[in-house]
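The block underneath contains the structure these notes are about, expressed in structure tokens.
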Amino acid sequence: MHAFDVLGDPVRRRILELLADGEHSAGDIGAVVQAEFGISQPAVSQHLRVLRDNGFTTVRAAGTRRLYAVDATPLREIDEWLDRYRHFWTQRLDALATELVRGRREQRRDDGTDQR
């Protein structure tokens with residue numbers, strides 16, 4: 001399965017968002033995802049399996065619990081793929097940063113004028 005196919009599902013994206021903060025048990029992930037998406041525990045398990053089978057997560061046993069964590073390797077591959085398109089938004093973000101600085105400078109100047 002292609003990385004974008006894996007990440008195309010909002011449930012799997014949400015699971016990765018949860019795991020971005022650190023390792024979580026399958027039960028903890030399931031409770032959040034079930035509450036937010038209204039899906040069953042077996043459906044959550046299937047999403048975890050897709051993430052694991054495609055290299056987006058790792059899992060380790062801790063007694064009877066299964067602890068999931070993000071594996072950044074496929075995310076780095078996506079970042080590398082996106083790199084050829086990054087110039088489309090980088091210039092605009094640089095221009096936005098320039099305008100924000102200009103606006104702050106003008107605001108400080110105006111604030112100084114108002115205090116006189």
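Only this structure's heavy atoms are used, side chains among them; waters, hydrogens and symmetry mates stay out.
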Begin with the C-alpha distance, continue with both residues' side-chain angles, and end with the deciding distance and a verdict on side-chain contact (heavy atoms from CB on, under 4.5 Å) for Val50 and Gln46.
-> CA-CA 6 Å; Val50 169; Gln46 283 297 102; 5.6 Å; no
Give the C-alpha distance, both sets of side-chain angles, the deciding distance and a yes or no for side-chain hydrogen bond (donor to acceptor under 3.5 Å, both in side chains) between Tyr68 and Arg60.
-> CA-CA 7 Å; Tyr68 284 81; Arg60 69 179 179 87; over 6 Å; no
Starting from the C-alpha separation in whole Å, work towards a yes-or-no answer on side-chain contact (heavy atoms from CB on, under 4.5 Å) for Leu51 and Val70.
-> CA-CA 9 Å; Leu51 288 168; Val70 170; over 6 Å; no
Rounded distance [0.5 Å steps], CG in Leu48 versus NE2 in His24 | 12.0 Å
Between Asp83 and Arg86, is there a salt bridge with N-O shorter than 4.0 Å?
-> yes
Taking the inter-plane angle between the rings of Phe4 and His2 on a 0 to 90° scale, is it parallel (under 30°), tilted (30 to 60°) or perpendicular (over 60°)?
-> parallel
Grab the two heavy atoms, one from Asp5 and one from Arg12, that are nearest each other, plus how far apart they are.
-> O-NH2, 3.6 Å
State, to 0.1 Å, how close Asp71 and Gly55 come at their nearest heavy-atom pair, and which atoms those are.
-> CB-O, 3.2 Å
d(Arg109 CZ, Asp111 CG) to nearest 0.5 Å is 11.0 Å
Return the minimal non-hydrogen interatomic distance between Gly8 and Arg13, and the atom names on each side.
-> O-NH1, 3.0 Å
Would you sort out whether Asp9 and His47 count as a side-chain contact (heavy atoms from CB on, under 4.5 Å), showing the intermediate values?
-> CA-CA 9 Å; Asp9 188 282; His47 286 291; 3.4 Å; yes
Side-chain donor or acceptor of Asp79 paired with backbone N/O of Leu75 under 3.5 Å = no
Exercise: do Glu77 and Thr73 side chains pair donor with acceptor under 3.5 Å = no
Separation between OG1 (Thr57) and CD1 (Ile15), nearest 0.5 Å, reads 8.5 Å
If every non-hydrogen atom of Ser40 is compared with every non-hydrogen atom of Gln34, which pair is closest and at what distance?
-> C-NE2, 3.4 Å
Roughly how far apart are Ser45 OG and Arg52 CZ, rounded to 0.5 Å?
-> 9.0 Å
Output for pair (Ile39 CD1, Gln41 CD), nearest 0.5 Å, gives 9.5 Å
Would you check, one step at a time, whether the test side-chain contact (heavy atoms from CB on, under 4.5 Å) holds for Leu7 with Leu16?
-> CA-CA 9 Å; Leu7 296 179; Leu16 285 177; 3.3 Å; yes
Residue pair Leu67 / Ala62: nearest heavy atoms and the distance that separates them = CD1-CB, 3.7 Å
CD (Glu99) and CD (Glu106) are apart, to the nearest 0.5 Å, by 8.5 Å
Heavy atoms of Val32 and Arg14 approach each other most closely as CG1-NH2, 3.9 Å
